[in-house]
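A short write-up of the structure that comes next.
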Amino acid sequence: QVQLVESGGGLAQPGGSLRLSCAASGSIFSINVMGWYRQVPGKQRELVANITSDGSTSYADFVKGRFFISRDNAKNTVTLQMNKLKPDDTAVYYCNADIVSTEYLSGAYYYIVNNKWGQGTQVTVSS
């Protein structure tokens, strides 16, 4: 069983910073894209940023220049550094990853890709 566990959410003042971390554990061969999404009540979950296994990054326009995503492939972790926080950044933040595992079936090994979500961590930006 593979799981993603987030940490680092909490309360920050406008203009402040928070750092979110996500660790993948379990039967992992490799991890393709890792990313962070966020969701507020009544709205769809939206992509914040993602990063490929070779370090290519992509950011939503509303966080460009303020948030920075990084990963440690050896530790199977992804981090989101959030700076210059705004009240509009208040949301539940979710870690997401495409995790590659191997399975032995009928005499052969197969690569299986599963998309996994973390449980979410609350980020509140308020004075």
Side-chain angles (χ1 to χ4, degrees):
Q1 277 285 25
V2 176
Q3 62 175 355
L4 302 177
V5 178
E6 300 121 335
S7 60
L11 176 66
Q13 292 190 338
S17 298
L18 283 174
R19 187 180 180 91
L20 304 182
S21 295
C22 172
S25 62
S27 179
I28 299 171
F29 176 79
S30 64
I31 303 178
N32 295 334
V33 179
M34 303 185 81
W36 289 93
Y37 289 72
R38 71 186 189 186
Q39 188 171 25
V40 298
K43 291 190 176 182
Q44 286 190 333
R45 194 170 296 186
E46 59 184 0
L47 175 67
V48 176
N50 60 27
I51 183 168
T52 64
S53 57
D54 63 359
S56 296
T57 59
S58 178
Y59 295 93
D61 286 344
F62 51 79
V63 302
K64 280 182 180 177
R66 300 189 298 123
F67 291 11
F68 299 94
I69 190 170
S70 61
R71 65 188 282 175
D72 185 328
N73 291 332
K75 297 181 179 179
N76 293 326
T77 59
V78 62
T79 298
L80 185 68
Q81 177 66 43
M82 304 186 294
N83 302 322
K84 301 178 182 178
L85 284 162
K86 304 175 182 179
D88 284 349
D89 294 321
T90 297
V92 177
Y93 284 72
Y94 295 90
C95 177
N96 179 266
D98 284 334
I99 295 177
V100 182
S101 302
T102 57
E103 289 192 18
Y104 186 74
L105 299 171
S106 302
Y109 283 95
Y110 295 87
Y111 292 110
I112 308 296
V113 181
N114 286 302
N115 184 262
K116 292 288 187 180
W117 291 94
Q119 80 283 2
T121 185
Q122 178 69 46
V123 170
T124 302
V125 183
S126 174
S127 56

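Each residue takes its place number in the sequence, starting with 1. Source: prediction; values computed, not measured.
Val125 belongs to a hydrophobic cluster whose remaining members, ordered by chain and number, are Val2, Leu4, Leu18, Leu20, Ile28, Ile31, Met34, Trp36, Val48, Ile51, Tyr59, Phe62, Val63, Phe67, Phe68, Ile69, Val78, Leu80, Met82, Leu85, Tyr93, Ile99, Val123; membership requires side-chain heavy atoms of ILVMFWY residues under 4.5 Å apart, directly or through intermediates. Tyr109 belongs to a hydrophobic cluster whose remaining members, ordered by chain and number, are Tyr104; membership requires side-chain heavy atoms of ILVMFWY residues under 4.5 Å apart, directly or through intermediates. Grouping Ile, Leu, Val, Met, Phe, Trp and Tyr residues whose side-chain heavy atoms lie under 4.5 Å apart, directly or via other members, places Ile112 in a hydrophobic cluster with Leu105, Tyr110.
Note that CZ of Arg45 is 13.0 Å distant from CZ of Arg38, once rounded to the nearest 0.5 Å. Gln1 contributes atom CD, which lies 5.5 Å from atom NZ of Lys116 (distance to the nearest 0.5 angstrom).
Counting only N and O atoms by type, the side chains of Ser53 and Asn32 include no donor and acceptor under 3.5 Å apart.
With sequence neighbours excluded, the residues satisfying salt bridge (Lys or Arg N to Asp or Glu O under 4.0 Å) with Arg66 are Asp89. Under the rule for a side chain to side chain contact (heavy atoms under 4.5 Å, CB included), the partners of Ser25 that lie at least two apart in sequence or sit in another chain are Gln3. When the side chain to side chain contact (heavy atoms under 4.5 Å, CB included) test is applied to Ser126, the partners found at least two apart in sequence or on another chain are Leu11, Thr124.
What you find for Ser17 and Ala12 is that their closest heavy atoms are O-CB, 4.4 Å. Closest heavy-atom contact between Thr79 and Ser21: OG1-OG, 3.8 Å. Of all heavy-atom pairs between Thr90 and Gln122, the closest is CG2-NE2, 4.0 Å.
Checked by atom type and distance alone, the side chain of Arg71 pairs as donor or acceptor with a backbone atom of Thr52 at under 3.5 Å. In this structure a side-chain-to-backbone donor-acceptor pair under 3.5 Å is present from Glu6 to Gly120. One N or O on the side chain of Ser101 and one on the backbone of Ser27 form a donor-acceptor pair closer than 3.5 Å.
Using cut-offs of 30° and 60° on the angle between ring planes, the pair Trp117 and Tyr94 is perpendicular.
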